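Report on the structure given below.
Quick caveat: nothing in here was measured; it's all calculated off a predicted structure. These numbers come from the heavy atoms of this one structure, side chains and all, not from hydrogens, waters or symmetry mates. Sequential numbering from 1 along the given sequence is applied to the chain's residues.
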Amino acid sequence: MADQASNRPALALHVPEPKSRPGDPVDFSEVHLPKAGEQARPDEGSKPEDMKDFAYDLVRVLGEDNKAHGPWDPKLDPDTLRTMLGHMAMVRAFDERMFRGQRQGKTSFYMKCTGEEATSVASSMALASDDMVFPSYRQQGILIVRGYPLIEMINQIYSNAGDKLKGRQLPIMYSSREHSFFSISGNLATQTPQAVGWAMASAIKGDSRIAATWVGEGSTAEGDFHSACTFASVYNAPVILNVVNNQWAISSFSGFAGAERTTFAARALGYGIAGLRVDGNDALACFAAQQWAANRARANQGPTLIEYFTYRAEGHSTSDDPLGYRSAQEREEWPLGDPVMRLKNHLITIGEWDEDRQKAMDLAAAEEVKTTTKQAEKNGILGHGLHHPFHTMFEDVFEELPWHLQEQAAQATRERKIKWPDHHPKDGAGK
């Protein structure tokens, strides 16, 4: 047996490597960009096996001429396009202010979505306001689209006395039942089976609402994602599985999640799910794909997996330095451009916008965020003691608090009053 084994060729393990690292020239030569408008738009009731090409192509609407092309053009009116641009500008202004606040020590953590705004803003605008969304941690644009108050977002980020979640979630992990926005989880891909389960329940009840969930491309390697795909396919769940392929999962490039072998949209094929691959920096394409998938789900034609091919222009979070693992020029070299600029240029090209109005919009967004931030800071910032009463950490779990937790809550309250005697005069005895 030993002699037989010695005649076999040695095995070699393949470890994915990105095309460039810090200091290397940027190489996006493998990115194939079809012309905008070249992609056919299949019927929303098409069988998944008849849609294989859409998992490898790239749905695009906005061309190099800044005009909308082809059958995927959603033909949105100028007012809707300006609203979309305004939401994207607000997201960017909000991100900038919160990032600066973290650097100033006002919060412990923040995550920007620079370069990915269209994947949340445009896509969520294609949904009904009461469709249930199960986001990841970079979809703050959905809340802004749905009118969630900025001050509530900031209170949550600061975990202050105004935080409706009572400091129980990490910063940026929002939740709002009133806005059909499911609680964000720091555990990757948990929201995918939750979304599928919610969609199944909606179908069981004969409701009209569908579910949509967002994950990064790295999260598609999690078991939860594949369980979700199985259940979605088997039970024909009215759900949209949005995969935001921003090229990087923290410092690991997308190849570690399988991008070297195939597209992420192609993962739909093995499950018998309709799959679409979309230009994630094209707001019109993002809207059109989500609208197509939503119509499909409402018609009981089953789930859709959408891959948004985009780029994370900033670090993974405020705890990350992307210069340590990728070229500094990648952001400028990304061939699909910037989603905000592309939508702005489209509106200018069709005569419905101009640079002066864009400057005014950006300034207004920045001022609104600045004013709201100052209001939120009155409720407290990191380390300043203005938080919820200590006893609230024991609430909302038991219908009747056990005796040992009542004692712990009372002790926490006494210690808080000693340390901060002027704060929370209504702090109870831990009941």
Side-chain angles (χ1 to χ4, degrees), residues 78-122 124-125 135 137-160 162-163 171-172 174 176 179 181 246 281 283 286 310-318 320 322 331-332 337-348 352-382:
D79 285 340
T80 300
L81 293 175
R82 282 188 286 265
T83 298
M84 184 182 293
L85 182 62
H87 290 322
M88 292 168 72
M90 180 59 74
V91 171
R92 191 157 288 188
F94 186 82
D95 277 0
E96 289 297 329
R97 189 80 188 184
M98 293 300 100
F99 181 90
R100 189 158 63 248
Q102 192 278 336
R103 291 299 191 245
Q104 294 169 344
K106 296 177 180 179
T107 185
S108 60
F109 183 76
Y110 192 73
M111 301 181 79
K112 300 173 76 173
C113 66
T114 310
E116 304 176 38
E117 291 89 351
T119 65
S120 59
V121 169
S124 62
M125 287 182 67
Y137 39 60
R138 221 182 294 274
Q139 278 77 54
Q140 50 267 52
I142 300 175
L143 283 176
I144 288 175
V145 166
R146 295 193 167 186
Y148 190 68
L150 292 180
I151 193 168
E152 301 296 352
M153 296 175 71
I154 301 171
N155 285 336
Q156 196 281 326
I157 292 167
Y158 287 167
S159 298
N160 61 24
D163 177 13
I172 61 87
Y174 318 101
S176 178
H179 295 79
F181 189 95
N246 65 14
N281 288 26
C286 291
T310 182
Y311 182 77
R312 194 192 77 211
E314 300 279 0
H316 176 74
S317 71
T318 49
D320 175 45
R331 177 175 180 173
E332 287 73 26
D338 177 89
V340 180
M341 295 301 102
R342 287 178 67 184
L343 182 56
K344 178 199 74 172
N345 291 336
H346 171 61
L347 276 164
I348 292 175
E352 295 291 345
W353 201 240
D354 56 60
E355 293 289 356
D356 289 340
R357 280 191 280 181
Q358 181 67 41
K359 291 178 181 178
M361 173 185 282
D362 291 338
L363 179 61
E367 287 298 319
E368 181 177 348
V369 174
K370 178 180 178 180
T371 300
T372 307
T373 300
K374 290 183 177 180
Q375 294 174 351
E377 288 175 356
K378 295 178 182 178
N379 294 323
I381 58 176
L382 180 68

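No donor-acceptor contact under 3.5 angstrom links the side chains of His87 and Arg146, judged on distance only. Side chains of Asn246 and Thr310: a donor-acceptor N/O pair is absent below 3.5 angstrom, by distance only. Between the side chains of Asn155 and Asp163, no donor N or O sits under 3.5 Å from an acceptor N or O.
Here the straight-line distance linking atom CE of Met88 with atom CD1 of Ile144 works out to 11.5 Å at 0.5 Å rounding. Distance check, rounded to the nearest 0.5 Å: CG of Leu85 to CG of Asn345 gives 10.0 Å. For the atom pair Glu314 CD and Tyr110 OH, the distance stands at 11.0 Å (nearest 0.5 Å). Distance check, rounded to the nearest 0.5 Å: CG of Asp320 to CE of Met111 gives 9.0 Å. A distance of 6.0 Å separates CD in Gln140 from CE in Met153, rounded to the nearest 0.5 Å.
Listed for the Thr107 side chain is a donor-acceptor partner under 3.5 Å among the backbone atoms of Ile157. Judged purely by atom type and a 3.5 angstrom limit, Thr372 has no side-chain atom pairing as donor or acceptor with the backbone of Ile151. At least one donor-acceptor pair closer than 3.5 Å links the side chain of Arg138 to the backbone N or O of His316. Under a 3.5 Å cut-off, the side chain of Glu368 and the backbone N or O of Ala93 do not form any donor-acceptor pair.
If you run side chain to side chain contact (heavy atoms under 4.5 Å, CB included) between Arg100 and each of Arg97, Arg103, Gln102, Met98, only Arg97 comes through. Evaluated for a side chain to side chain contact (heavy atoms under 4.5 Å, CB included) with Val91, the options Glu117, Gln139, Glu96, Glu116 yield exactly one hit, Glu117.
Residues meeting the ring-ring contact (aromatic ring centres under 6.0 Å, His included) test with Phe181, sequence neighbours left out: none.
The shortest distance between side-chain heavy atoms of Glu152 and Gln156 does not fall below 4.5 Å. Between Met90 and Val369 the shortest side-chain heavy-atom distance falls below 4.5 Å. In this structure, His346 and Glu352 have side chains that are not in contact, with every pair of non-hydrogen atoms separated by 4.5 Å or more. Using a 4.5 Å heavy-atom cutoff, the side chains of Ile154 and Phe94 are in contact. With contacts defined as side-chain heavy-atom distances shorter than 4.5 Å, the pair Trp353/Met361 qualifies. The side-chain heavy atoms of Tyr158 and Asn379, taken from C-beta on, include no pair separated by under 4.5 Å. Contact check for Leu347 versus Arg82: side-chain heavy atoms found under the 4.5 Å cut-off. In this structure, the side chains of Gln104 and Ile381 stay at 4.5 Å or more apart for every pair of heavy atoms.
Ion pair Asp95/Arg92 not flagged as a salt bridge, since none of the NZ, NE, NH1 or NH2 atoms sits closer than 4.0 Å to an Asp/Glu carboxylate oxygen.
Taking each heavy atom of Thr318 and Ser108 in turn, the nearest pair found is OG1-O, 4.4 Å. For the residue pair Gly337 and Asn281, the shortest heavy atom distance occurs at O-ND2, 2.6 Å. What you find for Ala365 and Ala89 is that their closest heavy atoms are CB-O, 4.1 Å. Considering all non-hydrogen atoms of both residues, Pro135 and Ile142 come closest at CB-CD1, 4.4 Å. Contact between Ala283 and Leu343 at its shortest, heavy atoms only, is CB-CD2, 4.2 Å. When all heavy atoms of Pro339 and Ala118 are compared, the pair lying nearest together is CB-CB, 4.0 Å.
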